[in-house]
Asks: 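Have a look at this one.
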Amino acid sequence: MLDIQLLRTQPEEVVQRLATRGGDIDFAPFHALEAERKTLQQRTQDLQAQRNSLSKQIGMLKGKGEDASAVMAEVGQLGDELKASEARLSVLLEDINRFTSALPNLPGADVPVGADENDNVEIKRWGTMPSFDFEVKDHVDIGAGLNGMDFETATKLTGSRFVILQGPVARLHRALAQFMLDTHTAEHGYTELYAPYMVNSASLYGTGQLPKFAEDLFQIPRGESEPYYLIPTAEVPVTNFVRDTITPAEQLPLKWVCHTPCFRSEAGSGGRDTRGMIRQHQFDKVELVQIVTPEAAAEAHEALTRHAETMLEKLGLPYRRIVLCTGDMGFSAEKTYDLEVWLPAQNTYREISSCSSFGSFQARRMQARFRNAQGKPELAHTLNGSGLAVGRTLVAILENYQQADGSVRVPEALQSYMGGLKVISAQA
RNA sequence: GGAGAGGUGGCAGAGUGGUCGAAUGUACCUGACUCGAAAUCAGGCGUACUGAAAGGUACCGUGGGUUCGAAUCCCACCCUCUCCGCCA
């Protein structure tokens, strides 16, 4: 959520900066609501003040055993107008809140302006693309050849966009998550977290998935009670750790790493990436989250992105880093780096990590604060990034480390997690 | 799932219709005392909105209701704790 003060005092600037994200936002209704709110709020509070002071008088008179009927008659006359003002005001405030909570974050000043992914800017490339003297297979064929990847059975069990991994391939998947968790805790200073895979709507509101993106979520009905939702990313439970809390400044930065499955309905992506593990309803991800002071946020974003990149480097997977342009960024983000891993079978780079800084956008929704040097509560800044998406990393390893006979070499960093196994072959 | 108790300021804990945004204790901050500290004493010490300021308004789990007036009464919901049952 944007600072409503900013909307009131510098509406033109807000409109201009939001326009760079594409899609016009009509601010006329907001200004109309605000104008009415201002006078009505004043009037309402004025009436409330009158009522309070007259009621106090009644209390004093009655306390002394005197007759209060004259004052009671007077306060009774306020009743109707007060009730009407209060009711109208609460409708107004709700409308204003609905409007503001649907506004995306302001893009950072250093974010390239652009319309869509074609305007994203490549920042760096790392690694050497593997060259093959045989026909390159994609991860679906490699996985099938290894008897390690089965989409048909998963579809029978549940439906499309699910997978079963088996044998050494399943183990490789597990090894990746372990390796990532170990590296981030031991070398990058993160604290490991185990967190709920279902959350309530308040948590989803806090990180910005609700109210706008409900159709991307799987919902768990609970009869009369509010539904729960399967998490679309560990960002939700982990960031909401600090919802409605004031963290002592000396405890910042908070750095958490959390491995969870993620569940996305992929509504609206019908027909895209239907083959293979690239786009599933369920996938594992190791997520990095930081809660920091505003001064530390920019540097933390660079560091967090490096933490994610380090995983790709340790695994020997070629990648590039791009900065998303204003039109391609997510709703809550102020600035986003995507890491894209090289996939030989597709002859292209594919997103494997997204590292974003959110400014105070999420913190304002969550009321996540810290006590600043003046001892006053101040909104924290939040950041997160994948470090990495486990399923896609598995895909990248299968494709980049494939050999002519259909076997796949195990990257050195993972061998100790695989019981010393150096090559996954069909017979294994 | 059954029965009971309870949700108040950083923490503890009073407050069952009226000068209550809220006693008291504790923690914290400032000052005095001290060479310094402890102890003691005095003062301060929630959040948000609004206002130049004085001040005003809202907030006692959440949402409704009753009333001139609600932390206090009524209804619904959420959560916590205790006991019983069940269970990985």
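All chains are named by letter (A, B, ...) in the order of the sequence lines, taking the proteins before the strands, and each is independently numbered beginning at 1.
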Asks: Where does the chain A footprint on RNA chain B start and end, counting 5' to 3' with a 4.0 Å heavy-atom cut-off?
Replies: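 Nucleotide range in contact with chain A: B:G18 to B:C78.
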
Asks: Going by purine N1 to pyrimidine N3 plus the second Watson-Crick contact, or the G-U wobble pair, all under 3.5 Å, which nucleotide sits opposite B:G4?
Replies: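 Checking every strand shown, B:G4 finds its partner in B:C81, with both distances under 3.5 Å.
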
Asks: Assign A:R222 to base, sugar-phosphate, or nothing according to its heavy-atom contacts below 4.0 angstrom with the strands shown.
Replies: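 Since no nucleic acid heavy atom lies under 4.0 Å of A:R222, the category is nothing.
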
Asks: In whole angstrom, give me the gap between the P atoms of B:G63 and B:C78.
Replies: 15 Å

Asks: Strictly by Watson-Crick or wobble contacts shorter than 3.5 Å, is anything paired with B:A71, and which nucleotide is it?
Replies: none

Asks: Ion pair present between A:E309 and A:R321, side-chain N to carboxylate O less than 4.0 angstrom?
Replies: yes

Asks: Ring centres under 6.0 Å, that's the criterion: do A:F30 and A:F99 meet it?
Replies: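 Distance test on ring centres: under 6.0 Å, yes.
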
Asks: Could you tell me how far B:A58 sits from B:U40 if I compare only their P atoms? Round to whole Å.
Replies: 39 Å

Asks: If you measure from the P atom in B:A23 to the same atom in B:U82, how many Å do you get, rounded?
Replies: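 About 31 Å, rounded to a whole number of Å.
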
Asks: Hey, what do you get for OG1 (A:T233) to CD (A:Q209), rounding to the nearest 0.5 Å?
Replies: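 Here the interatomic distance stands at 7.5 Å.
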
Asks: Rounding to the closest angstrom, what is the interatomic distance between B:C28 and B:A38 at atom P?
Replies: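 After rounding to an integer number of Å, I get 10 Å for this pair.
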
Asks: With nearest nucleotides of RNA chain B determined for A:N52 and A:Q41 from heavy-atom distances, which residue corresponds to the more 5′ nucleotide?
Replies: A:Q41

Asks: For A:K62, report the nucleic acid contact type (base, sugar-phosphate, nothing); a contact means any heavy atom under 4.0 Å.
Replies: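 Base contact - A:K62 has a heavy atom under 4.0 Å of at least one base atom.
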
Asks: Please check if the distance between the ring centroids of A:Y197 and A:F263 is under 6.0 Å.
Replies: no

Asks: For the P atoms, the ones on B:G69 and on B:A3, what distance do you get once it is rounded to whole angstrom?
Replies: 37 Å

Asks: With both distances kept under 3.5 Å, what pairs with B:A76, Watson-Crick or G-U wobble?
Replies: B:U62

Asks: Using the P atom in both, what is the distance from B:C81 to B:C75, to the nearest Å?
Replies: 25 Å

Asks: Between A:Q45 and A:G59, name the one whose nearest nucleotide on RNA chain B is closer to the 5' end.
Replies: A:G59

Asks: Hydrogens and angles aside, do A:S203 and A:R243 bring a side-chain donor and acceptor to less than 3.5 Å of each other?
Replies: yes

Asks: Among A:Q362, A:Q290, A:E334, A:E235, which residue satisfies the side-chain hydrogen bond (donor to acceptor under 3.5 Å, both in side chains) criterion with A:T382?
Replies: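 Of the listed options, the one satisfying the test is A:Q362.
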
Asks: Mind checking A:Q367 for me? I need base, sugar-phosphate or nothing, with any heavy atom below 4.0 Å counting as a touch.
Replies: nothing

Asks: Counting distance only, does the side-chain N/O of A:S386 pair as donor-acceptor with the main-chain N or O of A:S354 below 3.5 Å?
Replies: yes

Asks: Let's test this: given Watson-Crick or G-U wobble pairing with both distances under 3.5 Å, identify the partner of B:U16.
Replies: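 WC or wobble partner does not exist here.
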
Asks: Under 4.0 angstrom, heavy atoms only, what part of the nucleic acid is A:R8 near: base, sugar-phosphate, or nothing?
Replies: sugar-phosphate

Asks: Find the partner of B:C33: check Watson-Crick (N1-N3 plus N6-O4 or O6-N4) and G-U wobble (N1-O2, O6-N3) distances, both under 3.5 Å, and reply none if neither fits.
Replies: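 Partner of B:C33: none found under 3.5 Å.
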
Asks: Within the structure shown, what part of the strands sits under 4.0 Å from A:I58 by heavy-atom distance: base, sugar-phosphate, or nothing?
Replies: base

Asks: Aromatic rings A:H307 and A:H188: how do their planes relate, parallel, tilted or perpendicular, breaks at 30° and 60°?
Replies: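 If you compare the ring of A:H307 with that of A:H188, the planes turn out parallel.
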
Asks: Could you let me know what B:A39 is paired to, Watson-Crick or G-U wobble, both distances under 3.5 Å, or none if it's on its own?
Replies: none

Asks: Using atom C1' in both nucleotides, what's the gap between B:U8 and B:U62 to the nearest angstrom?
Replies: 15 Å

Asks: Expressed in whole Å, how much space separates the C1' atoms belonging to B:G51 and B:U57?
Replies: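 It works out to 12 Å between them.
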
